[in-house]
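Data first, discussion second: the structure below is written as structure tokens.
All values derive from a computational prediction rather than experimental measurement.
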Amino acid sequence: MELRCVQCEFPVERLFVQYSPGNIRLMKCPRCKQVADEYIECEIMIVLIDLILHKTKAYRHLLHNVLSQGSMNLEGLMWKLILGFLLLDTYRMLVLVRSVEEWSSSISFYSLVWKLGKVLMDVFLGNLFFLVTLVCAIQMKHTNSNCVLRYRDLLLAILVSSHFKIFLVCMMVWEFPISAMFLIDVFILSSNTVALTVMTQEARNKCAVVCFGAHAVKFLATSHLYIHLLNSSR
């Protein structure tokens, strides 16, 4: 993957020149004549805040100039991100299920295993349908011949831009209404849109339609368990 300017996404040869330890000079983009990547000198917290604020430049820095380079164990990182993604999705589904069905302490072991198995299966199938829909829709709508799409890069963009799922951890400590969970889903949808815009170099409204459709498929694939429990509890 090429290094890119975070201002205009033009490929650059290098982001900085290091004269001595702690003494660097940031390079400028040959096209827009601005500093190619000012995040090189920023703390990780600044980058994280800009990611939360959906700043395109922060996503370009992270996806093009940090994660897509060969200087880190990207395969190990992706497996950790996938595991965390699925665990947080499983917790989300468990919270939704428990909101309509009380699990008493007297529930049998086999019944508990059956319920957990259904939740895990729903989470797995929902995310599988989500990714397949997303990739197929992007391939059909992709019109930029200068941008070569790779499945690994698309998966990495989705995993990284789903960082709002970490706020589900707060629900393990403090009590929140179920509506807060759907608010997190909206933030994840918008964050996925920005990440796909960066990776595909397509118009943001086009990426928003693709992300909305993929999330809708995931919702339909996983909501049947929730709706079944809601009807049975009446």
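Taking CE of Met181 as the start and CZ of Phe167 as the end, the distance is 14.5 Å to the nearest 0.5 Å. Atom CD1 in Ile82 sits 12.5 Å away from atom CD1 in Ile158 (nearest 0.5 Å). Distance check, rounded to the nearest 0.5 Å: SG of Cys5 to CG of Asn65 gives 9.0 Å. Considering CG of Leu63 and OG1 of Thr56, their distance stands at 11.0 Å, rounded to 0.5 Å.
Other residues, nucleotides and ligands contribute at most 12 non-hydrogen atoms within 6.0 Å of the CD atom of Glu43. Enclosure of atom OH in Tyr91 by more than 12 non-hydrogen atoms of other residues, nucleotides or ligands within 6.0 angstrom is indicated. At most 12 non-hydrogen atoms from other residues, nucleotides or ligands lie less than 6.0 angstrom from OH of Tyr151.
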*Just do the side chain to side chain contact (heavy atoms under 4.5 Å, CB included) check on Leu81 and Leu156 with the steps written out, would you?*
CA-CA 9 Å; Leu81 290 174; Leu156 181 63; 4.2 Å; yes
*side chain to side chain contact (heavy atoms under 4.5 Å, CB included) between Lys165 and Phe85: does it pass, once the steps are laid out?*
CA-CA 8 Å; Lys165 285 184 182 289; Phe85 184 94; 3.3 Å; yes
*Could you go step by step and tell me if Thr200 and Lys206 meet the side chain to side chain contact (heavy atoms under 4.5 Å, CB included) rule?*
CA-CA 10 Å; Thr200 63; Lys206 185 184 296 186; over 6 Å; no
_Pair His54, Ser191 - check side chain to side chain donor-acceptor pair (under 3.5 Å), show working._
CA-CA 6 Å; His54 290 23; Ser191 183; 4.8 Å; no
*Just do the side chain to side chain contact (heavy atoms under 4.5 Å, CB included) check on Asp185 and Phe182 with the steps written out, would you?*
CA-CA 5 Å; Asp185 291 342; Phe182 295 102; 3.9 Å; yes
*Begin with the C-alpha distance, continue with both residues' side-chain angles, and end with the deciding distance and a verdict on side chain to side chain donor-acceptor pair (under 3.5 Å) for Tyr59 and Asp50.*
CA-CA 9 Å; Tyr59 279 96; Asp50 281 358; over 6 Å; no
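For Ala214 against Thr133, the heavy-atom pair with the smallest separation is CA-CG2, 3.9 Å. When all heavy atoms are compared, the tightest approach of Lys33 to Lys28 is O-CD, 3.7 Å. Residues Thr222 and Gly126 approach most closely at CG2-CA, 3.6 Å, considering heavy atoms. Nearest heavy-atom pair, Leu3 versus Glu13, reported as atom, atom and distance to 0.1 Å: CD1-O, 3.7 Å.
Leu83 and Leu128 are not part of a single hydrophobic cluster, where members link through side-chain heavy atoms under 4.5 Å apart. Hydrophobic clustering, with ILVMFWY side chains joined whenever heavy atoms are under 4.5 angstrom apart, groups Leu183 together with Ile188. Tracing side-chain contacts under 4.5 Å through hydrophobic residues (I, L, V, M, F, W, Y), one reaches Phe130 starting from Val119; they form part of the same cluster. Linking Ile, Leu, Val, Met, Phe, Trp and Tyr residues whenever their side-chain heavy atoms come within less than 4.5 Å leaves Phe212 and Leu154 in two separate clusters. Hydrophobic clustering of Ile, Leu, Val, Met, Phe, Trp and Tyr side chains at less than 4.5 Å, counting indirect connections, unites Leu159 with Leu67.
In this structure, the side chains of Val12 and Leu15 come closer than 4.5 Å at one or more pairs of heavy atoms. Side-chain contact between His64 and Met199: present, with at least one pair of heavy atoms (C-beta onward) separated by less than 4.5 Å. Contact annotation: the side chain of Ile52 approaches that of His163 to within less than 4.5 Å [non-hydrogen atoms, C-beta and beyond]. Counting only heavy atoms from C-beta outward, the side chains of His61 and Glu38 never approach each other to under 4.5 Å. Ile24 has its side chain within reach of Glu41: a pair of non-hydrogen atoms, C-beta onward, lies under 4.5 Å apart. Taking the side chain as every heavy atom from C-beta outward, Lys57 and Gln7 approach each other to under 4.5 Å. Residues Met27 and Arg14 meet the side-chain proximity criterion, which asks for heavy atoms closer than 4.5 Å. Using a 4.5 Å cut-off on side-chain heavy atoms (C-beta onward), Leu134 and Val210 make contact.
Counting only distance, with no hydrogens or angles, the side chain of Asp122 and the backbone of Ala221 share no donor-acceptor pair below 3.5 Å. Looking only at distances, a side-chain donor or acceptor of Asn127 sits under 3.5 Å from a matching main-chain atom of Val123. Without hydrogens or angle criteria, Arg31 side chain to Cys8 main chain gives a donor-acceptor distance under 3.5 Å.
Residues Arg60 and Asp37 are not paired through a salt bridge, judged by the lack of any N-O separation under 4.0 Å between the basic side chain and the carboxylate. Using a cutoff of 4.0 Å between basic side-chain nitrogens and carboxylate oxygens, Lys218 and Asp89 are scored as salt-bridged.
Side chains of Ser161 and Asn192: a donor on one and an acceptor on the other come within 3.5 Å.
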